[in-house]
Number of protein chains: 2
Amino acid sequence: MPYPAKTSREAILAAALTLLEGQDAPLTMRTLAATLGLQASSLYRHYADRETLEEAVAEEAARMLMSDITAASSGRPPHEALRVAGQQYLLFAHRHPRLYALIHQPRPPAAATPGTGKDLWNLLLGLIGAVTGRPDDTAAVVALWCFLHGYVGLESSGQFGLSGPGDAFERGLEALTRGL
Amino acid sequence: MPYPAKTSREAILAAALTLLEGQDAPLTMRTLAATLGLQASSLYRHYADRETLEEAVAEEAARMLMSDITAASSGRPPHEALRVAGQQYLLFAHRHPRLYALIHQPRPPAAATPGTGKDLWNLLLGLIGAVTGRPDDTAAVVALWCFLHGYVGLESSGQFGLSGPGDAFERGLEALTRGL
DNA sequence: GTCTATAGCAGGATAGAC
DNA sequence: GTCTATCCTGCTATAGAC
């Protein structure tokens with residue numbers, strides 16, 4: 001009986017985050033355990049299965065994203081805050097592409113973003129409301145989110161090719177904030 | 001020696017399309033061969049490997065998408081043509097979610113959409129140019145594409161939840177065509 | 001709580017007979 | 001050109017010893 005346990009829920013979660021911030025290694029029970037100096041089977045004492053673990057990682061990643069956006073946009077005038085929030089969203093996706101993908105991975109309805117999603121949602125609602133003058137304009141938030149998410153997706157799947165996106169990001173963001 | 005060959009490149013391609021238009025069955029060499037009444041190993045006479053096959057499918061799917069958009073938008077006044085093109089893009093993604101996903105799957109640089117992508121690109125360039133009055137406004141095309149692609153992605157990953165997207169599609173499309 | 005060992009599954013791909 | 005047979009890899013998850 002090795003007394004101080006070699007790991008814990010938190011340590012596993014942290015290791016999974018680290019693994020997914022790397023470039024290549026897939027998130028499998030084996031590779032994850034290896035980074036902790038463990039055998040894969042040991043992880044099952046802490047998480048029931050791979051999916052449960054993934055949900056925890058996704059939740060934590062969503063928290064990170066929200067924290068980044070909040071920190072960058074708080075205390076700025078409305079229009080600027082919204083622009084900075086958009087840039088920060090993009091930056092997170094660049095820095096942590098696999099965490100970003102995990103956040104947006106389809107999940108069974110029960111686990112559909114319990115609280116974290118709502119927080120980010122309310123933050124954006126406030127930012128947009130301050131710019132357009134319409135509070136609680138959910139359609140505007142969705143439209144903006146679509147644009148950002150699509151930009152990330154097309155970029156990461158290499159659709160922009162050699163010519164790159166040009167100034168589409170600024171143009172689109174500007175057009176949306178003006179047009180909504 | 002069964003003389004008339006049981007299959008061909010074209011038949012395999014068609015079967016793969018059909019398979020991916022269904023809901024569940026994954027595109028594996030085994031399942032694909034099964035729909036043709038063949039063994040998996042037989043497919044390798046016609047396609048070098050799975051990836052080569054997938055590229056062919058993706059190309060064909062892109063052709064279908066372009067054909068849909070062209071048919072729906074041609075002969076309409078500019079503003080309406082653009083709106084209809086957007087709707088058709090969304091409709092294709094709804095009807096053929098797995099083909100849509102395949103089109104946007106990251107591929108090694110060599111195979112990056114040889115000709116089909118360009119055609120769709122030029123079509124959209126024309127549509128947008130007719131609305132905004134600026135020909136060859138690539139950034140505008142990219143921005144619109146981001147919005148559409150993002151909408152599809154968020155919808156299919158269930159991010160809109162129970163409340164749904166509201167009228168975000170129309171709002172966003174309108175805001176973009178106006179603001180660009 | 002961790003270990004070894006193993007069951008079980010799924011998929012890609014090849015060898016060689018016909 | 002298709003078949004059977006087989007190999008290989010990589011993964012999830014469990015059983016039971018310690």
Side-chain angles (χ1 to χ4, degrees), chain A residues 1-59 98-99 101-102 105-108 110-111, chain B residues 1-60 97-99 101-102 105-108 110-111:
Chain A
M1 313 121 180
Y3 244 120
K6 281 187 176 182
T7 194
S8 63
R9 273 183 87 88
E10 298 74 39
I12 293 172
L13 183 57
L17 261 302
T18 305
L19 194 65
L20 285 169
E21 279 169 346
Q23 294 287 337
D24 293 315
L27 180 61
T28 69
M29 299 306 260
R30 288 189 220 271
T31 58
L32 176 56
T35 70
L36 290 159
L38 293 176
Q39 295 303 315
S41 57
S42 306
L43 300 178
Y44 290 90
R45 283 279 152 189
H46 304 274
Y47 288 92
D49 50 32
R50 188 182 178 277
E51 199 169 321
T52 308
L53 208 179
E54 251 189 13
E55 277 164 25
V57 176
E59 219 175 298
R98 301 163 78 200
L99 290 180
L102 239 176
Q105 198 163 287
R107 262 171 239 301
Chain B
M1 310 125 179
Y3 244 122
K6 280 187 176 182
T7 195
S8 63
R9 272 185 88 87
E10 298 73 40
I12 293 173
L13 183 56
L17 262 302
T18 304
L19 195 65
L20 284 168
E21 279 170 346
Q23 294 287 335
D24 292 318
L27 181 61
T28 69
M29 300 305 262
R30 289 188 216 272
T31 60
L32 176 56
T35 72
L36 290 159
L38 294 175
Q39 295 302 316
S41 56
S42 307
L43 300 178
Y44 291 90
R45 283 279 152 188
H46 305 272
Y47 288 93
D49 51 31
R50 189 182 177 277
E51 198 169 324
T52 307
L53 208 178
E54 252 189 12
E55 276 164 26
V57 177
E59 219 176 297
E60 182 57 29
R98 300 163 77 200
L99 291 180
L102 203 60
Q105 199 162 284
R107 262 171 241 299

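Residue numbering restarts at 1 for every chain, and letters A, B, ... go by the order of the sequence lines. When reading the values below, keep in mind they use all heavy atoms of this one structure, side chains included, and skip hydrogens, waters and symmetry mates.
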Look up atom [atom1] in [X] and atom [atom2] in [Y], then write down how far apart they are to the nearest 0.5 Å.
X        : Y        : atom1 : atom2 : result
Leu19(A) : Leu27(A) : CG    : CG    : 6.0 Å
Arg50(B) : Leu53(B) : CZ    : CG    : 8.5 Å
Ile12(B) : Met29(B) : CD1   : CE    : 7.5 Å

Does the side chain of Leu38(A) reach to within under 4.5 Å of the side chain of Leu32(A), using non-hydrogen atoms?
no

Any side-chain heavy atom of Thr18(A) sitting closer than 4.5 Å to one from Thr35(A)?
no

Grab the [atom1]-[atom2] distance between [X] and [N] for me, whole Å please.
X        : N       : atom1 : atom2 : result
Lys6(A)  : dC18(D) : NZ    : C1'   : 13 Å
Leu19(A) : dC11(D) : CG    : P     : 11 Å
Gln39(A) : dG16(D) : CD    : C1'   : 15 Å

Within residues 8-16 of chain B, which residues have any heavy atom lying less than 4.0 Å from an atom of DNA chain C?
none

Considering only heavy atoms, which members of residues 41-51 of chain B lie under 4.0 Å from some atom of DNA chain D?
Ser41(B), Ser42(B), Arg45(B), His46(B)

Check DNA chain D against residues 27-35 of chain A and give the residues with a non-hydrogen atom under 4.0 Å, in numerical order.
Thr28(A), Met29(A), Arg30(A)

Restricting to side chain to side chain donor-acceptor pair (under 3.5 Å), what partner residues turn up for Glu10(A), sequence neighbours left out?
Ser8(A)

Give the intermediate values and the outcome of side chain to side chain contact (heavy atoms under 4.5 Å, CB included) for residues Leu102(A) and Arg107(A).
CA-CA 10 Å; Leu102(A) 239 176; Arg107(A) 262 171 239 301; 3.2 Å; yes

So, using salt bridge (Lys or Arg N to Asp or Glu O under 4.0 Å) as the criterion, who are the partners of Arg98(A) when residues are at least two apart?
none

Could you tell me whether the side chain of Thr31(A) and the main chain of Pro26(A) form a donor-acceptor pair under 3.5 Å?
yes

Distance-only donor-acceptor hits, side chain of residues 39-46 of chain B, under 3.5 Å, sequence neighbours excluded:
| unit_1 | atom_1 | unit_2 | atom_2 | d |
| --- | --- | --- | --- | --- |
| Ser42(B) | OG | Gln39(B) | O | 3.4 |

